[in-house]
Amino acid sequence: PPTPAPAPTDTTLAPPDPFAVTAAPAADSVTQARRDVGKIDQELRKTFPERGLAPVPDSTQAKLERGFNAAHDAVPPKWYEGARITEISTPNSRTRTYRITTAVLTYCIVVTEEGRKNYINCPR
């Protein structure tokens, strides 16, 4: 007579589950989280390039920021800093005038519609 198939024993193991999640050491988790924070920050800065909420115009914070910005603009850049470029032309002007402030001097560039550039001393 035919013999029955042997019953599975404890020595017969099922193949490992390829989708099983293994616990990672805490150090690896922290390192991965730090990497992800940088990527998330870059994505958020690309998506929302504006700074956070703007302070109310007459608030103390707004006055403080205006004061800091005015003090920063009043002093020329140091020799190791880059030049500051500000546009001083009127909005409806056909030419654009830019003030370039460096550590050594301040001058203006007037750019016409045709693309010609004229370098001049800046009006105060």
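Annotation: the span from Leu64 atom CG to Thr60 atom OG1 amounts to 8.5 Å, rounded to 0.5 Å. Rounding to the nearest 0.5 angstrom, the gap separating the CZ atom in Arg45 from the CD1 atom in Ile40 is 13.0 Å. Taking CD from Glu65 and NE2 from His72, the interatomic distance works out to 13.0 Å, rounded to the nearest 0.5 Å. Atom CG of Asp73 and atom OG1 of Thr86 lie 8.0 Å apart (nearest 0.5 Å).
At a threshold of 4.5 Å between non-hydrogen side-chain atoms, the residues Ile120 and Tyr107 do not count as touching. Proximity of Cys108 to Ile100: side-chain heavy atoms (C-beta onward) are nowhere separated by under 4.5 Å.
Both Val104 and Ile85 sit in one connected hydrophobic cluster of ILVMFWY residues. Membership requires side-chain heavy atoms under 4.5 Å apart, directly or through other members. Cluster annotation: Tyr119 is connected to Tyr98 through the hydrophobic network of ILVMFWY side chains, with a link wherever side-chain heavy atoms come within less than 4.5 Å.
Within the 3.5 Å criterion, the main-chain N or O of Val37 finds no donor-acceptor partner in the side chain of Asp41. Remark: side-chain polar atoms of Ser93 are not paired, donor with acceptor, to backbone N or O of Arg96 under 3.5 angstrom.
Among the candidates Ile88, Asn118, Thr90, Ile109, the single residue satisfying the side-chain contact (heavy atoms from CB on, under 4.5 Å) test with Thr97 is Ile88.
Sorted by first and then second residue, the salt bridge (Lys or Arg N to Asp or Glu O under 4.0 Å) pairs involving residues 74-85 (not counting sequence neighbours) form an empty list. Each disulfide bond (SG atoms under 2.5 Å apart) pair with one or both residues in residues 60-100, not counting sequence neighbours, would appear here, but there are none. The salt bridge (Lys or Arg N to Asp or Glu O under 4.0 Å) contacts involving residues 112-122 comprise Arg94-Glu113, Glu114-Arg116, where partners must be two or more places apart or lie in separate chains.
Using modelled atom types, one finds a donor on one side chain and an acceptor on the other under 3.5 Å when comparing Glu87 with Ser89. Checking Asp36 against Gln32 by side-chain atom types alone, a donor-acceptor pair falls below 3.5 Å.
In terms of heavy atoms, Ala83 sits closest to Thr102 at CB-CG2, 3.7 Å.
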